[in-house]
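The sequence lines fix the lettering, A, B, ..., with proteins before strands; numbering per chain opens at 1. Predicted model only: the values in this text are computed from it and were never measured.
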Amino acid sequence: MERILRGHLIEAVGRVLAEPMVTIEITPPKDEGHGDLSTPVAMSLTKLLKKPPRKIAEDIVSAIGPSGTFGKIDIAGPGFINFTFSHSFLCKELHGLISSGESFLTENIGRGRSIQIEFVSANPTGPMHLGHGRGAALGAALSNLLSEAGYRVEKEFYINDAGRQVRLLGISVFAKYQTLCGVEYPFPEDGYRGDYIEDISREIKEKHGDAFAGKDFDEASVPFVDFSYLKMLGLLKKDLEDFGVFFDTWQSERELYANGEVAQAINDLRERGYIFEEDGATWFRSTAFGDDKDRVIIKKDGEFTYFAPDIAYHRKKVARGFDELIDIWGADHHGYVGRMQAVIQALGCPKDSLRVLLVQMVSLLKGGQPVQMSKRAGEFITLREVMDDIGADTTKFLFLTRRSDSHLEVDIEVAKAQSAENPVYYVQYAHARINSIFEKAKQEEEAAGLPAGNLEQSLTAFNGDCFNDEEMRLVKKLLLYPMMFKNAALAHEPHRITFYLQELAGMFHTYYHKYKVVTQELELTRSRLALCRAVQIVLRHGLKILGVKAPDRM
RNA sequence: GCCCCCUUAGCUCAGUCGGAUAGAGCACAGGUUUCCUAAACCUGGGGCCAGAAGUUCGAAUCUUCUAGGGGGCACCA
């Protein structure tokens, strides 16, 4: 719908301007009475053309000329041009939606370009918390969205298996192990304290007995560190799988060191002139690209900072030839955006070839009261708990009902207690309902001695004249999906899908209550079934992007 | 101290790169089922878009300042 209008407008505005205009804004008007789609383009051209907006609007309208597409074109207010589509055009579009399905709903804005999305990348030192879950839901939905929009998408998880954190995990387990063996050993001050630490140490004790009792950590670090983080990594993978989030590639930090890629990255930057030595340390000149200060990559004690492998990692991404990179980080890392984009530019890529999406915190409430979460004390609600409690679909849907950069509150009591009135069920229910309408239609056909499923197979032969105003409202809502989809993909904002689905489901539920789909009149029934099918196609597509099931029965 | 984000209905939040009378869900009050699923529907009250000034045909949206909330500012990860 928007696509067709845009075609008309580009041509007409081009004729008025005598040159093509790049961006023409098209939006559905707030007040439905004003029409189906609207453009303020005449007003934004006033300065350029030095004419009153309404005059420009008139010129554009006459340049469009008569067309069967529109039922009416109005100029209103200060200079809006409001388009009302013709009944026949809308029906033709609905026909297209039903017969072409998904290809009608999407737009190929990626044109085969490749894009890598790195997300979650939680340290394998403990279970995933809700923030990770939010990142997982967003990353998965975004990759679905972008791959539907014609990008080749790769989903990657970066494993922080080399740094201080996994070592600390090993020490924590080691300390617990010593205690189990009856050896006194100080627990590291900032060590990990969850129950899982004890579980792992017990497992090691069962396997190796007292073999490491009383030893120095350095003698046993490899088995403890490696066993522990691999164990945790396995749990992360399991959690993600059960959450319905899958990755294409897993990049290990250790491997970057082992392959010499960290050293190569530093050499590369040195050759490009962005490395210097000062105060006994090695620095990356990130201020050359607008960062606040230069960053140390090798400390004066000879150790790499965490930043060094990050550079190597992103250099590797660049070398793999993606057209665009997306990192999804927790908002507490926003201070690193500047230096990472400096790295990208130092490697000769445009700044915006790396886009960092920040995911704000999830705060958990229980019956309105905030739940204190302390990772230190090992007291925090895990994604696993919430997922087991309210289900993966509900959890994902809730995470995707907000923009990623705004704080999210989840009240676990509310999510549980109100599960019956949960927005995800509302949308899924609409889908299931439509399915049962089709079941009903089949039964009626059989009862009438007709071949069952005949109606269902001839939906595209629906007669649009049967549609009343409310049905046409639904049709228009459906035909707005492609525009919403395109904008969501361009903005990298899956939450727009969530909102749209709730609106569409709401409209459908209302319609369902007011009108009976399966009637005694064949023509009418076929038309209404066609409309239901179209709603179902759109719901299914939207839910698929969100990673939420579209059940046939509930 | 410096930087970033946030502030919209009682609560949680949308608001499409400046557009027409600012929306939804929840909560609250009342109603709907001989009928394709009541996980649904209908009706109702609710707002100085934190505050002030500016930019222009036009501001919740852009700029500046103020107030409040969150986060970040390491040769820590």
Side-chain angles (χ1 to χ4, degrees), chain A residues 23 25-31 34 38-40 43-44 46-47 52-53 76-80 82 123 125 160 163-168 190 278-283 292-293 295-307 310 330-338 358 360-361 363 365 368 401-403 405-411 414 418-426 428-430 432-441 443-444 483-484 486-488 490-491 493 495-496 498-499 502-503 505-506 508-519 525 528-529 532 553-554:
Chain A
T23 54
E25 197 185 335
I26 297 176
T27 65
K30 280 178 191 163
D31 185 340
H34 288 137
S38 174
T39 179
M43 289 180 282
S44 49
T46 47
K47 271 194 193 124
F80 292 98
N82 294 330
N123 283 338
T125 54
N160 294 99
R164 206 180 95 83
Q165 296 307 316
V166 285
R167 184 178 160 82
L168 193 56
D190 46 0
E278 196 174 289
D279 299 334
T282 303
W283 299 67
D292 302 335
K293 53 178 87 166
R295 308 291 172 175
V296 171
I297 50 178
I298 304 176
K299 298 187 270 183
K300 67 178 162 201
D301 64 7
E303 293 274 313
F304 290 105
T305 64
Y306 70 94
F307 189 40
D310 279 350
D332 54 340
H333 288 74
H334 87 253
Y336 310 123
V337 176
L358 298 177
Q360 272 292 354
M361 300 199 303
S363 40
L365 305 179
T401 51
R402 304 277 180 273
R403 318 167 40 98
D405 59 357
S406 76
H407 289 258
L408 174 67
E409 277 190 9
V410 174
D411 191 316
V414 173
Q418 293 186 344
S419 63
E421 289 171 17
N422 208 292
V424 68
Y425 295 121
Y426 188 77
Q428 289 181 318
Y429 187 46
R433 238 181 184 171
I434 292 170
N435 191 64
S436 71
I437 291 173
F438 278 98
E439 304 264 303
K440 174 75 178 174
Q443 286 170 19
E444 295 284 312
M483 176 167 81
M484 183 282 304
K486 183 181 74 177
N487 289 333
L490 287 171
E493 289 181 349
H495 79 274
R496 297 191 192 198
T498 317
F499 277 88
Q502 292 183 77
E503 288 162 12
F508 177 75
H509 285 309
T510 298
Y511 172 72
Y512 172 90
H513 271 267
K514 203 156 170 190
Y515 298 99
K516 210 158 153 50
V517 173
V518 181
T519 66
T525 301
R528 290 184 171 170
L529 280 176
C532 287
R553 228 176 288 278
M554 289 175 73

**Item:** Residue matched to rA50(B) through Watson-Crick or wobble contacts both under 3.5 angstrom
**Value:** rU66(B)
**Fill in**
When rounded to whole Å, the CH2 to P distance for the pair W283(A) and rA74(B) reads 10 Å
**Asked** Has F80(A) got its ring stacked on the base of rA20(B), with centres under 5.5 Å and planes less than 30° apart?
**Response** yes
**D190(A)/R164(A) salt bridge by N-O under 4.0 Å criterion** = yes
**Request:** For the pair Y511(A) and F508(A), name the ring-plane relationship: parallel under 30°, tilted 30 to 60°, perpendicular over 60°.
**Result:** tilted
**Prompt:** Of the candidate nucleotides rA39(B), rC75(B), rC13(B), which contains the atom at the shortest distance from the side chain of Y425(A)?
**Reply:** rA39(B)
**Request:** Whole angstrom is fine here: how far is it from CG in D405(A) over to C1' in rA14(B)?
**Result:** 13 Å
**Message:** Counting only side-chain heavy atoms from C-beta out, which of rA14(B), rC73(B), rA20(B) sits nearest to N82(A)?
**Reply:** rA20(B)
**Prompt:** According to the Watson-Crick and G-U wobble definitions, with both distances under 3.5 Å, which nucleotide is paired to rU43(B)?
**Reply:** rA29(B)
**Asked** So, is R433(A) near the phosphate of rA38(B), with a side-chain N or O under 4.0 Å from OP1 or OP2?
**Response** yes
**Fill in**
Note: A76(A) and N82(A) closest approach over all heavy atoms is CB-ND2, 3.5 Å
**Request:** Indicate, with a heavy-atom threshold strictly under 4.0 Å, whether P423(A) touches base, sugar-phosphate, or nothing.
**Result:** nothing
**Item:** Nearest-Å distance once atom P is located in both rG10(B) and rA50(B)
**Value:** 13 Å
**Prompt:** What's the CG-P distance between N123(A) and rC76(B), to the nearest Å?
**Reply:** 17 Å
**Request:** Would you check, one step at a time, whether the test side-chain hydrogen bond (donor to acceptor under 3.5 Å, both in side chains) holds for T519(A) with T525(A)?
**Result:** CA-CA 6 Å; T519(A) 66; T525(A) 301; 2.9 Å; yes
**Minimum heavy-atom distance between A430(A) and A505(A), given as atom pair plus value** = CB-CB, 4.0 Å
**Request:** Indicate, with a heavy-atom threshold strictly under 4.0 Å, whether A432(A) touches base, sugar-phosphate, or nothing.
**Result:** base
**Request:** Look at all strands and tell whether S38(A) reaches a base, only sugar-phosphate, or nothing, counting heavy atoms closer than 4.0 Å.
**Result:** base
**Request:** Please check the phosphate of rG15(B) (OP1 and OP2 only) for any side-chain N or O of H495(A) closer than 4.0 Å.
**Result:** yes
**Message:** Nearest to the side chain of V517(A), heavy atoms from C-beta on, is which of rA20(B), rC36(B), rC41(B)?
**Reply:** rC36(B)
**Item:** Pairwise P distance, rC26(B) and rA40(B) [rounded to whole Å]
**Value:** 8 Å
**Item:** Length of the NE2-P vector between H34(A) and rA22(B), whole Å
**Value:** 12 Å
**Asked** Taking for each residue the nucleotide of RNA chain B bearing the nearest heavy atom, is the 5' side occupied by R496(A) or by T46(A)?
**Response** R496(A)
**V296(A) versus A281(A), closest heavy-atom pair with distance** = CG1-CB, 4.2 Å
**Message:** Can you tell me which nucleotide in rA14(B), rC76(B), rC42(B) comes closest to the side chain of T510(A)?
**Reply:** rC42(B)
**Interatomic distance at C1', rC28(B) relative to rG68(B), whole Å** = 29 Å
**Sugar-phosphate only, base, or nothing, as touched by A76(A) at under 4.0 Å among non-hydrogen atoms** = base
**Message:** Please report the distance separating the P of rU7(B) from the corresponding atom of rC62(B), rounded so that it comes out in whole Å.
**Reply:** 10 Å
**Asked** D301(A) side chain to E303(A) main-chain N or O, any donor-acceptor pair under 3.5 Å?
**Response** yes
**Item:** Rounded interatomic separation in angstrom, taking CZ from R295(A) and C1' from rC76(B)
**Value:** 13 Å
**Asked** Which nucleotide in the list rU16(B), rG19(B), rC75(B) gets nearest to the side chain of V296(A)?
**Response** rC75(B)
**Fill in**
Of rU16(B), rC75(B), rC13(B), the nucleotide closest to the side chain of K300(A) is rC75(B)
**Request:** Could you please name the option among rA20(B), rA40(B), rU16(B) that lies closest to any side-chain atom of Y426(A)?
**Result:** rA40(B)
**Message:** Checking contacts here: which listed nucleotide (rC41(B), rU16(B), rC13(B)) is nearest the side-chain heavy atoms of S406(A)?
**Reply:** rC13(B)
**N/O donor-acceptor pair under 3.5 Å between S38(A) side chain and P29(A) backbone** = no
**Request:** Just name whichever nucleotide pairs with rA20(B), Watson-Crick or G-U, keeping both distances under 3.5 Å, else none.
**Result:** none
**Request:** Could you tell me which nucleotide pairs with rG1(B) by Watson-Crick or G-U wobble geometry, both distances under 3.5 Å, or answer none if nothing does?
**Result:** rC73(B)
**Request:** Determine the interatomic distance between C1' on rG45(B) and the same-named atom on rA53(B); round to the nearest Å.
**Result:** 35 Å
**Prompt:** The side chain of H509(A) lies closest to which of these nucleotides: rG15(B), rC75(B), rC41(B)?
**Reply:** rC41(B)
**Request:** Name the nucleic acid region contacted by M43(A), choosing base, sugar-phosphate or nothing; use a 4.0 angstrom heavy-atom cut-off, strictly under.
**Result:** base
**Request:** Using the P atom on both, measure rG23(B) against rC65(B) and round to a whole Å.
**Result:** 32 Å
**Item:** Separation of the C1' atoms in rA27(B) and rC13(B), to the nearest angstrom
**Value:** 14 Å
**Asked** With sugar-phosphate meaning primed atoms plus P, OP1 and OP2, does K30(A) contact a base, only sugar-phosphate, or nothing at under 4.0 Å between heavy atoms?
**Response** sugar-phosphate
**Message:** Should the side chain of T305(A) and the base of rA74(B) be counted as holding a donor-acceptor pair, with the cut-off at 3.5 Å?
**Reply:** no
**Prompt:** If you check the R403(A) side chain, which of rC13(B), rA14(B), rA20(B) turns out closest?
**Reply:** rA14(B)
**Message:** Is the phosphate of rA74(B) approached by K293(A) (side-chain N or O, under 4.0 Å from OP1 or OP2)?
**Reply:** yes
**Request:** Using whole Å, report how far CZ of R402(A) lies from P of rG15(B).
**Result:** 11 Å
**Asked** With sugar-phosphate meaning primed atoms plus P, OP1 and OP2, does D301(A) contact a base, only sugar-phosphate, or nothing at under 4.0 Å between heavy atoms?
**Response** nothing
**Request:** Check R496(A) against M484(A) and note the closest heavy-atom contact, atom names and distance.
**Result:** O-SD, 3.8 Å
**Message:** Work out how far the P atom of rA24(B) is from that of rA39(B), and round it to whole angstrom.
**Reply:** 24 Å
**Request:** Write down the atom of Y426(A), the atom of G506(A), and the distance for their closest heavy-atom approach.
**Result:** OH-CA, 2.9 Å
**Prompt:** So what's rA9(B) paired with, Watson-Crick or G-U wobble, going by both distances under 3.5 Å?
**Reply:** none
**Prompt:** Between atom CD in Q502(A) and atom P in rC41(B), what is the gap in whole Å?
**Reply:** 12 Å
Which pairs, protein N/O on one side and nucleotides 69-72 of chain B N/O on the other, fall under 3.5 Å?
unit_1, atom_1, unit_2, atom_2, d
rG71(B), N2, H334(A), NE2, 3.2

**Request:** Report yes if some heavy atom in the side chain of N160(A) is under 4.5 Å from a heavy atom in the side chain of Q165(A); otherwise report no.
**Result:** no
**Prompt:** Relative to the 5' end of RNA chain B, which residue comes earlier, P29(A) or F307(A), by the nucleotide with the nearest heavy atom?
**Reply:** P29(A)
Would you tabulate the nitrogen or oxygen pairs shorter than 3.5 Å linking the protein to nucleotides 28-35 of chain B?
unit_1, atom_1, unit_2, atom_2, d
rC35(B), O2', K516(A), NZ, 3.2

**Item:** Spacing of D310(A) atom CG relative to rC76(B) atom P, expressed in whole Å
**Value:** 15 Å
**Message:** Testing the basics here: between V517(A) and C532(A), what is the closest heavy-atom pair and its distance to 0.1 Å?
**Reply:** CG2-SG, 3.8 Å
